[in-house]
**Q** 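My structure is below; once you've seen it, I'll send some questions.
We name chains A, B, ... by the order of the sequence lines, and we start the count at 1 in each one.
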Number of protein chains: 2
Amino acid sequence: MAKAYERIADELRDAIRAGQLGPGDRLPAETDLAARHRRSVPTVREALRLLQDEGLIEKQHGRGTFVRKPRTRVLRTNLRHQWEKNRAREPEQERLRTGATEHATGLQVNDLVFHASYGEAKADKSLAEAFGVAEGTTLVERVYRTRYAVETAPFALVSSYLIRDMVAENPDLLDETKEPWPGGTQSQLLTLGIELDRIEERVTAHPPTPEEAEELELPPGTSVIVLRKISYDTDNRAVEISDVTLPGDRTEMLFTTHLERW
Amino acid sequence: MAKAYERIADELRDAIRAGQLGPGDRLPAETDLAARHRRSVPTVREALRLLQDEGLIEKQHGRGTFVRKPRTRVLRTNLRHQWEKNRAREPEQERLRTGATEHATGLQVNDLVFHASYGEAKADKSLAEAFGVAEGTTLVERVYRTRYAVETAPFALVSSYLIRDMVAENPDLLDETKEPWPGGTQSQLLTLGIELDRIEERVTAHPPTPEEAEELELPPGTSVIVLRKISYDTDNRAVEISDVTLPGDRTEMLFTTHLERW
DNA sequence: GAGTGGTCTAGACCACTGT
DNA sequence: CAGTGGTCTAGACCACTCC
């Protein structure tokens with residue numbers, strides 16, 4: 001015989017999947033569900049927790065339990081990399097007109113980039129390995145959030161790293177007041193004579209840590225996508241690394257691979 | 001004042017992050033934790049559930065609660081697509097020698113592909129849109145699981161679709177007994193004169209449904225990566241679509257984007 | 001059999017939302 | 001204020017693992 005809380009959860013899940021309970025609808029109160037199934041309230045709460053962990057429902061203290069609405073998805077595509085590379089050689093005036101984020105996500109200029117912090121950091125083991133330098137090497141670090149204007153929750157947390165000694169020739173790159181860099185990183189790297197050859201992106205997913213949940217305003221029942229982007233120049237050196245944390249329930253990534261013709 | 005279960009969870013999480021409790025270590029019994037914090041057992045269980053949802057711990061009925069070990073990760077890279085394309089034109093004997101999965105994941109031939117089902121299906125709305133055909137169009141459907149030999153849990157659930165009318169010219173493609181297709185899909189498409197131009201992969205992440213959790217043997221506190229791969233031929237037609245479900249805690253995806261030289 | 005986590009009860013009281 | 005979910009108690013009994 002199935003457990004009581006599973007039976008309650010199954011009944012509600014079926015109702016949601018069948019559309020008897022649509023997005024935004026309120027579920028019966030916990031006391032009602034308990035009475036209907038002749039179970040205690042904690043048992044009902046156990047059932048609701050299952051559905052919450054699956055991302056199907058959302059609880060609102062004092063108001064009730066609701067079927068979750070799908071959130072607006074943001075598309076992130078690797079076509080942006082070639083676009084940014086082309087853009088890097090355009091006149092500065094043209095570059096200032098449009099930001100890279102809008103193009104990458106398909107959204108308009110309502111997007112905002114908040115510059116949160118800028119400074120130096122020492123390479124930890126993972127960064128040192130990726131850059132191919134010694135642990136403890138000094139890096140330039142930028143940390144920022146990307147936010148969709150009509151919502152409060154950011155849709156990306158980004159930490160971006162450069163090797164300080166490599167970029168020291170251009171003082172603008174070390175000058176905090178020059179933020180945000182007009183034309184993006186590729187344009188700035190060009191001032192150092194650096195041309196990018198390829199970009200590697202590693203993607204994993206996991207449930208959010210409490211810190212990630214708070215920063216991305218993630219409700220229980222969502223996942224986090226972690227992306228590490230490594231840019232290599234034409235000498236095959238790793239010149240820039242970005243760690244990006246994305247909310248899984250509102251991010252869609254599109255990678256296009258072009259194949260050589262026969 | 002912080003809630004009791006949060007304080008207990010914080011204490012344990014700190015101990016794990018600091019390394020006082022390492023991977024595989026057993027946590028104190030729930031009754032012990034309750035006594036130490038002068039709280040009831042359900043309160044302690046609430047704290048443990050938090051950590052479980054974060055993927056930090058794993059409960060084993062009758063044995064105890066343990067700090068989770070990171071699972072062996074499987075790397076999936078888009079370099080495989082070019083590799084498979086090159087392979088498609090090699091002699092059949094050579095193609096039979098190695099499977100595509102081994103190369104794609106970096107694992108050896110211990111991998112197994114279980115063919116679970118093979119048949120026809122009608123295009124639902126999402127597939128019809130992606131293929132650019134009418135809803136209800138007949139498709140050839142293959143459903144299979146990829147498993148790592150030394151573990152019981154599969155690391156991928158795959159549903160692969162072709163348009164039946166497009167592949168009908170080659171009876172081998174409709175013949176179940178010819179499975180697994182020697183040389184992979186690209187090799188078979190070549191027999192129809194179809195050459196692939198590019199591959200699009202869309203990636204999202206979400207918490208597992210009960211069905212996914214069961215099939216992939218996912219413990220609570222893991223995410224699922226969903227990947228839809230669309231292959232386009234040189235006439236820009238979508239010729240093959242695969243929906244791949246991957247366990248988030250053991251999958252790493254690597255996408256390399258090559259940029260045009262200046 | 002001893003020890004562990006899993007399920008469940010029947011309540012109490014608190015905190016938040018809306019009227 | 002009434003109604004909702006959030007936290008917590010003090011126990012009971014079951015199911016599983018290991019010795």
**Q** Let me know which of L51(A), L27(A), D25(A) forms a side chain to side chain contact (heavy atoms under 4.5 Å, CB included) with T65(A).
**A**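 Result: among L51(A), L27(A), D25(A), L27(A) is the only option passing the side chain to side chain contact (heavy atoms under 4.5 Å, CB included) with T65(A).
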
**Q** Figure out the NZ/P separation between K3(B) and dA15(C), and round it to whole Å.
**A**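 Value for this atom pair: 11 Å.
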
**Q** Strictly distance-based, threshold 3.5 Å: is any side-chain N or O of R68(A) a donor or acceptor partner for the main-chain N or O of I57(A)?
**A**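 Absent.
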
**Q** Check the distance between dG5(C)'s C1' and E46(B)'s CD and give it to me in whole angstrom.
**A**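 About 16 Å, once rounded to whole Å.
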
**Q** Do the side chains of R145(B) and E215(B) get nearer than 4.5 Å, heavy atoms only?
**A**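 Sidechains of R145(B) and E215(B): in contact.
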
**Q** In whole Å, I'd like the distance from the CG atom of L48(B) to the C1' atom of dG6(C).
**A**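 One finds 13 Å between C1' of dG6(C) and CG of L48(B), rounded.
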
**Q** E30(B) has a side chain; which of dC8(C), dG6(C), dT4(D) sits nearest to it?
**A**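 Side chain of E30(B) sits closest to dG6(C).
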
**Q** Return no unless some side-chain N or O of Y5(B) is found under 4.0 Å from OP1 or OP2 of dC8(D).
**A**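 It does not, given that no N or O in the side chain of Y5(B) lies less than 4.0 Å from OP1 or OP2 of dC8(D).
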
**Q** Is any side-chain heavy atom of K229(A) less than 4.5 Å from a side-chain heavy atom of H81(A)?
**A**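 Yes. Closest side-chain heavy atoms under 4.5 Å.
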
**Q** Are V226(A) and D243(A) side-chain neighbours, meaning at least one heavy-atom pair lies under 4.5 Å?
**A**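 No; the side chains remain at least 4.5 Å from each other.
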
**Q** Hey, is the side chain of T65(B) poking within less than 4.0 Å of OP1 or OP2 on dG5(C), counting only N and O atoms?
**A**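 So the side-chain polar atoms of T65(B) do come within 4.0 Å of the phosphate oxygens OP1 or OP2 of dG5(C), strictly under.
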
**Q** P28(A) or S40(B): which one's nearest nucleotide on DNA chain D is closer to the 5' end?
**A**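 Result: P28(A).
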
**Q** Taking the nucleotide of DNA chain D with the nearest heavy atom to each, does H61(B) or K59(A) sit closer to the 5' end?
**A**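 Between the two, 5'-proximity favours K59(A).
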
**Q** Within this structure, what is the CG-to-P distance between L50(B) and dC8(D), rounded to whole angstrom?
**A**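 Between P of dC8(D) and CG of L50(B): 11 Å.
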
**Q** Of all the choices, dT4(D), dG5(C), dC8(D), which nucleotide is nearest to the side chain of T43(B) once you look at every atom?
**A**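 For the T43(B) side chain, the nearest candidate turns out to be dC8(D).
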
**Q** Classify R49(B) by what it touches in the nucleic acid, base, sugar-phosphate, or nothing, heavy-atom distance under 4.0 Å.
**A**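 No contact.
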
**Q** Just the rounded figure in Å: distance from P of dC8(C) to CZ of R38(A).
**A**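 One finds 17 Å between P of dC8(C) and CZ of R38(A), rounded.
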
**Q** Whole angstrom is fine here: how far is it from CZ in R39(B) over to C1' in dG11(D)?
**A**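 About 17 Å, once rounded to whole Å.
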
**Q** Does OP1 or OP2 of dG5(D) have a side-chain N or O of R63(A) closer than 4.0 Å?
**A**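 R63(A) to dG5(D) OP1/OP2: no side-chain N or O under 4.0 Å.
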
**Q** Output the rounded distance in Å from NE2 (H37(A)) to P (dT7(C)).
**A**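 That distance rounds to 17 Å.
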
**Q** Would you kindly compare V41(A) and R26(B) by the position of their nearest DNA chain C nucleotide and give the one closer to the 5′ end?
**A**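 Going by which nucleotide is closer to the 5' end, it is R26(B).
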
**Q** Any idea which of dT9(D), dG6(C), dT7(D) is nearest the R45(B) side chain?
**A**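 It is dG6(C).
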
**Q** Between P on dT17(D) and CD on E58(B), what's the gap in Å once rounded to a whole number?
**A**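 Value for this atom pair: 13 Å.
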
